Amino acid sequence: MPKAKGKTRRHKYSYNLNRKRLYRSARRRAAPRIACSHIRHAWDPHKSVAQNLAEMGLAEDPNKAVPIPKKVLVRKGLAGTAPLRGEVPSQHGAEMELEASLPEKKSNTLSRDLIDYVRYMIQNHGENYKEMARDEKNYYQDTPKQIKRKINVYKNFYPEEYKNFIASLKPEKMEVQ
């Protein structure tokens with residue numbers, strides 16, 4: 001195949017361009033991004049990073065804040081717990097500790113399509129995974145093991161909903177017989 005025009009031409013180097021100055025000015029403009037709201041409000045841009053963190057009761061270097069004795073590492077193979085050195089946490093540090101101690105809300109959910117798919121398969125085929133694999137609604141051509149895995153994931157994510165769904169299916173089967 002022929003080469004594209006202009007690809008082989010030599011690029012000229014500009015000797016008059018001061019690249020160090022350009023790089024330094026771009027770095028100077030970039031401000032640090034702070035994710036935690038407590039740290040953002042307590043941060044003083046006129047102080048150094050170490051001073052800001054020390055005022056909040058945070059450690060700049062965790063290796064210096066919590067030293068691990070060599071004897072503990074050799075004997076147990078684990079890190080020992082040592083008390084923190086330095087200043088007492090400030091108000092912002094206490095707020096961060098309180099926020100960190102709150103239980104994390106589970107945000108894991110399954111897609112509505114997967115839930116509908118699993119419910120349809122259980123409703124029409126019960127526990128027969130081979131029939132489920134041959135069903136016309138099995139668009140992704142899942143194997144019986146893949147379908148079983150999806151059903152187990154649904155059971156683990158929504159145990160109460162699954163029990164109620166199975167309980168609602170049992171009266172229907174009794175009427176048919």
Side-chain angles (χ1 to χ4, degrees), residues 11 13-14 16-123 137 139-140 142-143 145-168:
H11 297 285
Y13 183 79
S14 177
N16 298 327
L17 186 64
N18 185 355
R19 286 173 179 75
K20 287 184 181 178
R21 188 179 53 83
L22 287 174
Y23 176 71
R24 233 182 285 131
S25 64
R27 272 187 47 208
R28 201 177 306 132
R29 275 184 250 128
R33 286 189 171 182
I34 301 171
C36 180
S37 63
H38 297 294
I39 295 175
R40 193 180 307 121
H41 292 298
W43 196 266
D44 186 4
H46 302 292
K47 294 181 180 177
S48 69
V49 174
Q51 290 171 337
N52 274 312
L53 291 175
E55 282 185 4
M56 287 182 252
L58 300 174
E60 180 187 15
D61 185 6
N63 295 322
K64 291 179 182 175
V66 185
I68 302 170
K70 289 185 180 180
K71 292 178 184 176
V72 174
L73 285 175
V74 173
R75 203 171 339 122
K76 294 181 182 177
L78 301 170
T81 57
L84 285 173
R85 293 187 314 194
E87 298 180 19
V88 179
S90 67
Q91 176 189 4
H92 298 288
E95 289 174 0
M96 285 188 285
E97 280 185 30
L98 181 68
E99 188 177 321
S101 67
L102 295 174
E104 190 174 325
K105 183 181 175 186
K106 285 189 177 181
S107 62
N108 298 349
T109 58
L110 297 177
S111 68
R112 190 75 235 163
D113 292 337
L114 182 65
I115 293 171
D116 293 341
Y117 172 76
V118 167
R119 291 181 72 141
Y120 168 82
M121 290 298 186
I122 294 172
Q123 191 171 8
K137 291 255 183 171
Y139 299 126
Y140 297 110
D142 293 329
T143 63
K145 276 190 173 181
Q146 288 172 326
I147 295 171
K148 185 175 183 176
R149 210 173 294 130
K150 286 182 181 182
I151 291 172
N152 286 336
V153 167
Y154 175 69
K155 285 181 190 178
N156 293 335
F157 269 79
Y158 305 105
E160 293 298 319
E161 188 177 319
Y162 178 76
K163 287 177 187 173
N164 294 338
F165 177 65
I166 295 297
S168 69

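Because the structure is predicted, anything quoted here is derived from the model rather than measured.
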Hey, could you give me the [atom1]/[atom2] distance between [X] and [Y], rounded to the nearest 0.5 Å?
X: Tyr139; Y: Lys137; atom1: OH; atom2: NZ; result: 4.5 Å
X: Phe157; Y: Leu114; atom1: CZ; atom2: CG; result: 9.5 Å
X: Asn156; Y: Leu110; atom1: CG; atom2: CG; result: 9.5 Å
X: Met121; Y: Ile151; atom1: CE; atom2: CD1; result: 8.0 Å

>> Going by the rule ring-ring contact (aromatic ring centres under 6.0 Å, His included), which residues pair with Tyr13 if we only count those two or more places apart in sequence or in a different chain?
In response: Tyr15

> Can you name the residues that form a ring-ring contact (aromatic ring centres under 6.0 Å, His included) with Tyr154, not counting sequence neighbours?
Replying inline: Tyr158

>> How close do Met96 and Leu58 get, counting heavy atoms only, and between which atoms?
In response: CE-CD1, 3.7 Å

> Crowded around Lys163 NZ? As in, over 12 foreign heavy atoms under 6.0 Å?
Replying inline: no

>> Going by salt bridge (charged side-chain N to carboxylate O under 4.0 Å, His left out), name the residues that satisfy it together with Lys148, two or more places apart in sequence or in a different chain.
In response: none

>> Enumerate the salt bridge (Lys or Arg N to Asp or Glu O under 4.0 Å) contacts for residues 108-123, please, sequence neighbours excluded, ordered by first and then second residue.
In response: Arg112-Asp116, Arg119-Glu161

>> Are His41 and Trp43 packed together at the side-chain level, in the sense that at least one heavy-atom pair is separated by less than 4.5 angstrom?
In response: no

>> Among residues at least two apart in sequence or on other chains, which ones pass side-chain hydrogen bond (donor to acceptor under 3.5 Å, both in side chains) with Lys47?
In response: Glu55

>> Test of understanding: with side-chain hydrogen bond (donor to acceptor under 3.5 Å, both in side chains), list the residues that count as partners of Asp142, not counting sequence neighbours.
In response: Tyr117, Lys150

>> Applying side-chain contact (heavy atoms from CB on, under 4.5 Å) to Ile122 and Ile166, what does each step give before you reach the verdict?
In response: CA-CA 9 Å; Ile122 294 172; Ile166 295 297; 3.9 Å; yes

